[in-house]
Participant: 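My questions will all concern the structure given below.
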There are 2 protein chains.
Amino acid sequence: MRSKPEAKFQYEYARPALTVDIVVFALDADDLMVMLIQRDLEPFEGQWALPGGFVHLDETLDDAARRELQEETGLQGIFLEQLYTYGDLNRDPRERVVTVAYYALVNLEGHNVQASTDARNAAWFSVNELPDLAFDHANILAAAHERLRGKVRYQPIGFELLPEKFTLRQLQHLYEVILDRELDKRNFRKKVLSMEIVQETDEIEKDVAHRAARLYRFDQKAYERLTEQGFHFEI
Amino acid sequence: MRSKPEAKFQYEYARPALTVDIVVFALDADDLMVMLIQRDLEPFEGQWALPGGFVHLDETLDDAARRELQEETGLQGIFLEQLYTYGDLNRDPRERVVTVAYYALVNLEGHNVQASTDARNAAWFSVNELPDLAFDHANILAAAHERLRGKVRYQPIGFELLPEKFTLRQLQHLYEVILDRELDKRNFRKKVLSMEIVQETDEIEKDVAHRAARLYRFDQKAYERLTEQGFHFEI
DNA sequence: ACAAAAGTGTTAAATGTACACCCATGC
DNA sequence: GCATGGGTGTACATTTAACACTTTTGT
């Protein structure tokens, strides 16, 4: 007694609308930040929400996420990864909308983030001081945060939040902020350096009122080489 | 210069079709198995594919996956988790179809799996001897396999593949099959027992031609208690 | 009695964790 | 010269990995 949708392919079922939403993370001096956009239309007019929008028929989901990111925040060429797909019935009060959520990592120094594009009000918020969010976006954001916390420990994605050249202190600070606990300086350096996936440069920090720290860069090639040999990144 | 989809909500964009597909894993004597269904219609008529179908407007994604699983394989009440959403443009030759993939774990002894329901030909295949698959299902299956391999190590989901009561040897075998490497018997037992998440029963195996092994059961309560205290499962 | 798998401890190596001081630099 | 963070090593505890024999049961 099962219907066979293939038989009358395009008529069988009404379709949910399909959108993408993106949780964009960045690292501030002391906090993990998320970019939000203030809605200028009902529903949830005036409330903050994740950047996102409809998936077009002629673009993949990744492309849709990249396009929306570009249109709403000006961000381009950044780390983007699919998170989860949300399909509860009343996520959107207007009609059935399924959204494919992504999360993105961006280095604030390297990218010119337009705080406001397209007459929309966009801003960074600390993940620890979030406003009320539209739709189920608080859920999505919490899941993205959770995923980042988990994944940063066994994939070298944290580097996406730092400038190309960074100090070991910055790297440690990143992990401390994301994992929300303090790490031992000596043990941290020992571990990172022993993995041989960061490359010492001949440069040092600039404009600091104390001894300047050496700058390092993430060595993607070395990482891939090691990974092929069964190496497993872990912090 | 950005369109505002909210303004003319239901007319702005044509919508992709939305489906769910499920990778159902089970454990055979020696292999990790997957359930496949032979297609009885074009496209890919006669080829094997993952069970799945259209998402209805009045059901969540999880509900759709459960319904399709029930309709196509008779399986009910089993472990089911969202995997990833696939939205490449030409996944389906007929038109744009986005699919939310799930994976499921089932214990062959405890469930009466209908090998063929609804005049469809369904069968179990070893993940090591798969036929050609329709659409991008080979991709999806590989991703599910990868996810299972990764997740089984830090979440106690492996138990879903075993009967309620199992021997430690069976549990070890499960990990050996999924991780595709041999484990040391003594070290494995030591580790599992030290976690205190399996409960010894007073029963032993039946009908074996040698000393019968003690049966254990997974202790969900104990697991949750430990997890709250910061315990982290890991094999 | 023998075939088959169950069950059980010890040791060495590797890894993780805790901890404190001197150094270089800018002001 | 002092305030600030940069940079470094050692000792102890914990975890992992390697390894072999005796016991129980069914045939």
Side-chain angles (χ1 to χ4, degrees), chain A residues 27-30 152-154 156 162-163 165-177 179-217 226 229-235, chain B residues 27-30 152-154 156 162-163 165-177 179-217 226 229-235:
Chain A
L27 210 59
D28 178 320
D30 291 298
V152 82
R153 296 192 51 192
Y154 63 91
L162 295 178
K165 294 169 191 169
F166 51 85
T167 67
L168 294 183
R169 167 67 80 182
Q170 280 179 289
L171 186 62
Q172 178 179 345
H173 177 67
L174 180 161
Y175 281 96
E176 290 180 333
V177 166
L179 302 179
D180 196 27
R181 68 187 159 97
E182 301 211 331
L183 302 173
D184 179 89
K185 179 162 61 154
R186 275 174 293 191
N187 293 338
F188 181 82
R189 294 173 151 253
K190 225 183 308 175
K191 182 150 202 175
V192 169
L193 293 175
S194 75
M195 288 193 288
E196 299 183 314
I197 57 168
V198 295
Q199 200 171 49
E200 190 174 316
T201 72
D202 54 6
E203 295 173 62
I204 55 173
E205 285 184 291
K206 289 201 174 16
D207 304 321
V208 287
H210 52 80
R211 175 173 175 182
R214 166 129 276 127
L215 294 174
Y216 292 80
R217 108 177 65 217
L226 289 164
Q229 291 163 23
F231 160 82
H232 214 271
F233 178 88
E234 179 144 20
I235 294 281
Chain B
L27 209 60
D28 177 322
D30 289 299
V152 82
R153 297 193 50 189
Y154 63 89
L162 295 178
K165 296 170 190 168
F166 51 86
T167 68
L168 294 183
R169 169 65 83 181
Q170 280 179 287
L171 186 62
Q172 179 178 343
H173 180 245
L174 180 160
Y175 280 97
E176 289 180 332
V177 165
L179 302 179
D180 196 26
R181 68 190 159 96
E182 301 210 331
L183 301 173
D184 179 272
K185 180 162 62 154
R186 275 174 292 190
N187 292 338
F188 181 81
R189 292 170 154 257
K190 223 182 311 173
K191 184 150 201 174
V192 169
L193 293 174
S194 75
M195 288 192 289
E196 299 183 314
I197 56 168
V198 295
Q199 202 170 47
E200 189 174 317
T201 72
D202 54 4
E203 295 172 62
I204 56 174
E205 286 183 289
K206 289 203 173 20
D207 303 321
V208 287
H210 51 79
R211 174 171 177 185
R214 166 130 276 130
L215 294 174
Y216 292 80
R217 108 177 65 219
L226 288 164
Q229 290 164 23
F231 160 81
H232 214 270
F233 177 89
E234 178 144 18
I235 295 279

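The figures that follow rest on heavy atoms only: side chains count, while hydrogens, waters and symmetry mates do not. Just so you know, these numbers come straight off a predicted model, no measurement behind them. Order of the sequence lines fixes the chain letters, A, B, ..., with proteins taken first and strands second; residue numbering starts at 1 for each chain.
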Participant: By side-chain contact (heavy atoms from CB on, under 4.5 Å), which residues pair with B:K190, not counting sequence neighbours?
Facilitator: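 Checked B:K190 against side-chain contact (heavy atoms from CB on, under 4.5 Å); matches are B:N187.
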Participant: Report all interatomic pairs (protein N or O, nucleotide N or O of nucleotides 16-19 of chain C) with separations under 3.5 Å.
Facilitator:
unit_1, atom_1, unit_2, atom_2, d
C:dA18, N7, A:N187, ND2, 2.9
C:dA18, N6, A:N187, OD1, 3.1
C:dA18, N6, A:K190, NZ, 3.4
C:dC19, N3, A:R186, NH2, 3.2
C:dC19, N4, A:D184, OD2, 3.3
C:dC19, N4, A:R186, NE, 3.4

Participant: Restricting to salt bridge (charged side-chain N to carboxylate O under 4.0 Å, His left out), what partner residues turn up for A:E205, sequence neighbours left out?
Facilitator: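 A:E205 satisfies salt bridge (charged side-chain N to carboxylate O under 4.0 Å, His left out) with no residue once adjacent residues are dropped.
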Participant: Calculate the interatomic distance between B:L193 atom CG and C:dA6 atom P; express it in whole Å.
Facilitator: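 Atom-to-atom, B:L193 to C:dA6, this comes out as 14 Å.
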Participant: Measure the distance from CZ on A:F188 to P on C:dT15 and round it to the nearest whole Å.
Facilitator: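 Whole-Å distance recorded here is 18 Å.
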Participant: Measure from NZ on B:K185 to P on C:dA4 and round the result to the nearest Å.
Facilitator: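 Atom NZ in B:K185 sits about 14 Å away from atom P in C:dA4.
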Participant: To the nearest 10°, give me the bend of the helix from C:dA1-D:dT27 to C:dC27-D:dG1, comparing the axes of its five terminal pairs at either end.
Facilitator: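 End-to-end axis angle: 0°.
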Participant: Heavy-atom contacts under 4.0 Å between residues 198-211 of chain A and DNA chain C, which residues?
Facilitator: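 Contacting residues: A:V208, A:A209, A:H210, A:R211.
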Participant: Tell me whether the rings of A:Y154 and B:Y154 are parallel (<30°), tilted (30 to 60°) or perpendicular (>60°).
Facilitator: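 A:Y154 and B:Y154: tilted rings.
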Participant: Could you work out, with side-chain contact (heavy atoms from CB on, under 4.5 Å) as the rule, every residue matching B:L226, not counting sequence neighbours?
Facilitator: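 With neighbours one apart ignored, the set is B:I197, B:Q229, B:F231.
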Participant: With sequence neighbours excluded, what pairs up with B:R214 under the salt bridge (charged side-chain N to carboxylate O under 4.0 Å, His left out) test?
Facilitator: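 B:R214 satisfies salt bridge (charged side-chain N to carboxylate O under 4.0 Å, His left out) with B:E200 once adjacent residues are dropped.
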Participant: What contact category does A:R189 fall into here, base, sugar-phosphate, or nothing, at under 4.0 angstrom with non-hydrogen atoms?
Facilitator: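 Base, at least one base atom sits under 4.0 Å.
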Participant: Taking only residues two or more places apart in sequence, or in another chain, which ones meet A:R217 in a salt bridge (charged side-chain N to carboxylate O under 4.0 Å, His left out)?
Facilitator: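 Residues passing salt bridge (charged side-chain N to carboxylate O under 4.0 Å, His left out) with A:R217: A:E164.
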Participant: What residues form a side-chain contact (heavy atoms from CB on, under 4.5 Å) with B:D30, not counting sequence neighbours?
Facilitator: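 Per chain and number, B:D30 pairs via side-chain contact (heavy atoms from CB on, under 4.5 Å) with B:H173.
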Participant: Within a strict 4.5 Å, meaning less than it, do heavy atoms of the B:L215 and B:T167 side chains meet?
Facilitator: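 In short, these two side chains touch, coming nearer than 4.5 Å.
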Participant: Could you check whether atom CG of B:D184 has more than 12 heavy atoms from other residues, nucleotides or ligands sitting under 6.0 Å from it?
Facilitator: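 Enclosed.
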Participant: Nucleotide range of DNA chain D contacted by chain A, 5' to 3', under 4.0 Å to a heavy atom?
Facilitator: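 Taking any atom under 4.0 Å from a heavy atom of chain A, the span is D:dT4 to D:dT10.
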Participant: Could you pull out all residues at least two apart from A:F166 that satisfy ring pair (Phe, Tyr, Trp, His ring centres under 6.0 Å)?
Facilitator: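 A:F166 satisfies ring pair (Phe, Tyr, Trp, His ring centres under 6.0 Å) with A:F159 once adjacent residues are dropped.
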Participant: Between atom CG of B:L168 and atom CZ of B:R189, what is the distance when rounded to the nearest 0.5 Å?
Facilitator: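 The distance works out to 5.0 Å.
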Participant: Checking B:K165 now: which residues fulfil salt bridge (charged side-chain N to carboxylate O under 4.0 Å, His left out) with it, not counting sequence neighbours?
Facilitator: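 By the salt bridge (charged side-chain N to carboxylate O under 4.0 Å, His left out) rule, B:K165 matches B:E203.
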Participant: Got a sec: does the CD of A:E182 have more than 12 other heavy atoms crowding it under 6.0 Å?
Facilitator: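 Incorrect, the count does not exceed 12.
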Participant: Please give, in whole Å, the distance from C:dA6 P to B:Y216 OH?
Facilitator: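 Taking OH of B:Y216 and P of C:dA6, I get 11 Å after rounding.
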